Asker: 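Here you go, one structure.
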Amino acid sequence: MKQADLIARMHAEGHTIVETIKAVRKEFDLSLGEAKSQVSNHPAWAKVVKAAQPLHDALQNLADRGAFNASSLAEMEIRRIPWSTLRQAGGTAEQVPHALMDLLSAPTPELATNAYWRLENHVVVQGQLHQAAEPVVSVLVAALMEDQPRHVRLGVLELLFQILAGSAHESEIALGNEGIDNACRHRAREGMWLLYKELMHGERDAAREVIELIEPDSARFNAFSASSSA
């Protein structure tokens with residue numbers, strides 16, 4: 001099967017773009033960057049950006065008027081952080097709170113996917129972390145407290161995985177921020193029991209991948225992992 005055919009089939013079957021990238025990467029032995037490029041440039045996903053733009057514009061207008069309604073812990077954490085003082089790829093992170101709000105409030109998988117890609121490739125790029133990644137982890141962990149549609153929860157867990165599997169970007173190392181990867185994992189460990197709850201009662205595979213990156217207690221992980229599979 002050709003790459004384009006696999007991408008089209010998975011899109012037709014309702015898989016998310018993240019799930020499709022993983023499948024293409026595994027099937028054709030591609031790097032993460034190559035798989036992302038193949039999937040994101042496929043015509044099947046062309047409507048995602050167009051579909052997401054009205055929601056993004058509406059949220060941007062609300063934000064510009066200071067009208068975010070902090071109705072959840074994650075939103076309160078978003079509002080608390082001075083994003084414009086933090087670094088992302090290519091500049092400051094003032095767009096990050098809007099992308100996070102779009103992800104956490106996305107009513108459809110397509111809108112969640114669009115918001116996801118405004119965070120990956122910005123706070124984490126090809127496994128390299130920028131300064132804004134650490135507070136993003138705090139927001140994502142807080143988001144696990146809320147009831148969400150499956151497409152939002154999967155996006156949250158996948159972004160956590162990408163950040164926690166990363167290491168400092170060379171620009172961060174040059175600024176003395178080489179420990180950002182450890183700082184991100186420390187933030188994630190603050191929500192360890194939320195991740196274990198997800199492992200036992202939610203998106204088990206996605207939660208397991210995240211926990212494996214940050215759990216220092218292998219005996220505990222093995223016990224809970226075995227129980228979740230029983």
Side-chain angles (χ1 to χ4, degrees), residues 1-60 88-91 93 95-96 98-130 132-133 136 140 143 148-167 169-170 198 202-213:
M1 178 181 292
K2 295 180 179 179
Q3 292 177 18
D5 294 337
L6 176 59
I7 295 167
R9 190 190 75 185
M10 293 192 68
H11 181 272
E13 291 175 353
H15 294 279
T16 68
I17 194 170
V18 173
E19 291 170 333
T20 306
I21 289 170
K22 286 184 174 180
V24 170
R25 186 183 183 192
K26 180 178 180 180
E27 179 69 21
F28 298 99
D29 193 26
L30 301 178
S31 69
L32 180 59
E34 290 169 334
K36 287 179 180 178
S37 177
Q38 291 293 328
V39 176
S40 61
N41 289 324
H42 192 280
W45 293 100
K47 66 180 182 180
V48 171
V49 173
K50 183 178 179 180
Q53 196 60 48
L55 177 61
H56 173 62
D57 290 345
L59 288 170
Q60 180 67 57
Q88 67 162 38
Q95 68 86 30
V96 168
H98 311 301
L100 285 167
M101 288 293 296
D102 284 7
L103 173 60
L104 299 181
S105 63
T108 67
E110 289 79 13
L111 293 174
T113 295
N114 179 267
Y116 175 92
W117 288 111
R118 288 169 28 228
L119 293 161
E120 187 168 337
N121 291 333
H122 293 271
V123 299
V124 54
V125 183
Q126 301 295 307
Q128 296 185 307
L129 304 173
H130 293 269
V136 166
L140 298 176
Q148 302 147 331
R150 183 169 187 260
H151 57 265
V152 172
R153 211 151 190 88
L154 286 172
V156 167
L157 290 166
E158 177 62 24
L159 188 56
L160 270 175
F161 175 82
Q162 295 297 334
I163 293 174
L164 299 176
S167 56
H169 188 273
E170 59 183 13
E198 195 70 30
E203 299 300 331
R204 296 176 180 178
D205 291 341
R208 182 179 291 106
E209 289 182 346
V210 174
I211 295 170
E212 282 182 312
L213 294 172

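Everything numeric in this text was worked out from a predicted model, so none of it was measured.
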Asker: If you round to the nearest 0.5 Å, how far is CD of E27 from CE of M10?
Answerer: 10.5 Å
Asker: Using modelled atom types and a 3.5 Å cut-off, is there a donor and acceptor pairing between side-chain atoms of Q38 and backbone atoms of V24?
Answerer: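 Looks like no, no N/O pair under 3.5 Å.
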Asker: Checking H11 side chain against A44 main chain: does a donor-acceptor pair fall under 3.5 Å?
Answerer: yes
Asker: Could you please spell out the steps behind the side chain to side chain contact (heavy atoms under 4.5 Å, CB included) verdict for L140 and L100?
Answerer: CA-CA 9 Å; L140 298 176; L100 285 167; 4.2 Å; yes
Asker: Applying side-chain hydrogen bond (donor to acceptor under 3.5 Å, both in side chains), can you list everything that pairs with H169, at least two apart in sequence or on another chain?
Answerer: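 H169: side-chain hydrogen bond (donor to acceptor under 3.5 Å, both in side chains) contacts with S171.
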Asker: Please determine which of L164, V136, I163 meets the side chain to side chain contact (heavy atoms under 4.5 Å, CB included) test together with L129.
Answerer: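 Considering L164, V136, I163, a side chain to side chain contact (heavy atoms under 4.5 Å, CB included) with L129 is found only for I163.
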Asker: To the nearest 0.5 Å, what is the distance between NZ on K26 and CG on L6?
Answerer: 12.0 Å
Asker: For A207, which residues count as a side chain to side chain contact (heavy atoms under 4.5 Å, CB included) partner, sequence neighbours excluded?
Answerer: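 Once residues adjacent in sequence are excluded, the partners of A207 under the side chain to side chain contact (heavy atoms under 4.5 Å, CB included) criterion are E198, L199.
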Asker: Could you grab the distance from atom CD of Q148 to atom CD of E203, nearest 0.5 Å is fine?
Answerer: 10.5 Å
Asker: For A99 and A115, which heavy atoms make the closest approach, and how far apart are they?
Answerer: O-CB, 3.6 Å
Asker: From Q162 CD over to Q126 CD, what is the distance, rounded to the nearest 0.5 angstrom?
Answerer: 9.5 Å
Asker: Once side-chain hydrogen bond (donor to acceptor under 3.5 Å, both in side chains) is applied, do any residues pair with Q128, and if so which ones, sequence neighbours excluded?
Answerer: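 So Q128 forms no side-chain hydrogen bond (donor to acceptor under 3.5 Å, both in side chains) with any residue.
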Asker: Identify, with sequence neighbours excluded, every residue that meets side chain to side chain contact (heavy atoms under 4.5 Å, CB included) alongside D205.
Answerer: R208
Asker: On a heavy-atom basis, which atom in A143 and which in R153 lie closest, and how many Å separate them?
Answerer: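 Distance-wise, the nearest heavy atoms are O-NH1, 4.0 Å.
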Asker: Nearest heavy-atom pair of L159 and Y116: which atoms, and what distance?
Answerer: N-CE1, 3.7 Å
Asker: List for me each residue that meets side chain to side chain contact (heavy atoms under 4.5 Å, CB included) alongside E13, sequence neighbours excluded, and say none if there are none.
Answerer: R9, H15
Asker: I'd like to know if the side chain of H151 and the backbone of A106 have a donor-acceptor N/O pair within less than 3.5 Å.
Answerer: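 Yes; at least one donor-acceptor contact below 3.5 Å.
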Asker: State the NE2-CG distance between H98 and L119, to the nearest 0.5 angstrom.
Answerer: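 If I round to the nearest 0.5 Å, the distance is 11.5 Å.
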Asker: With E209, which residues qualify under salt bridge (charged side-chain N to carboxylate O under 4.0 Å, His left out), at least two apart?
Answerer: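 E209 satisfies salt bridge (charged side-chain N to carboxylate O under 4.0 Å, His left out) with K22 once adjacent residues are dropped.
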Asker: Indicate the atoms forming the closest heavy-atom contact of A206 with L157, along with that distance.
Answerer: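 Here A206 and L157 meet closest at CB-CD1, 3.7 Å.
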Asker: Rounded to the nearest 0.5 Å, what's the gap from CZ on R150 to CG on L154? Could you check?
Answerer: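 Answer for the CZ-CG pair, R150 versus L154, is 4.5 Å.
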Asker: Considering non-hydrogen atoms only, spot the tightest contact between K2 and F28 and give its length.
Answerer: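 Closest approach of K2 to F28, heavy atoms only: C-CZ, 3.6 Å.
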Asker: Going by the rule side chain to side chain contact (heavy atoms under 4.5 Å, CB included), which residues pair with T108 if we only count those two or more places apart in sequence or in a different chain?
Answerer: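 T108 satisfies side chain to side chain contact (heavy atoms under 4.5 Å, CB included) with E110, L111 only.
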Asker: If you take all heavy atoms of A112 and L103, which pair is closest and at what distance?
Answerer: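 Smallest interatomic distance, heavy atoms only, reads O-CD1, 3.7 Å.
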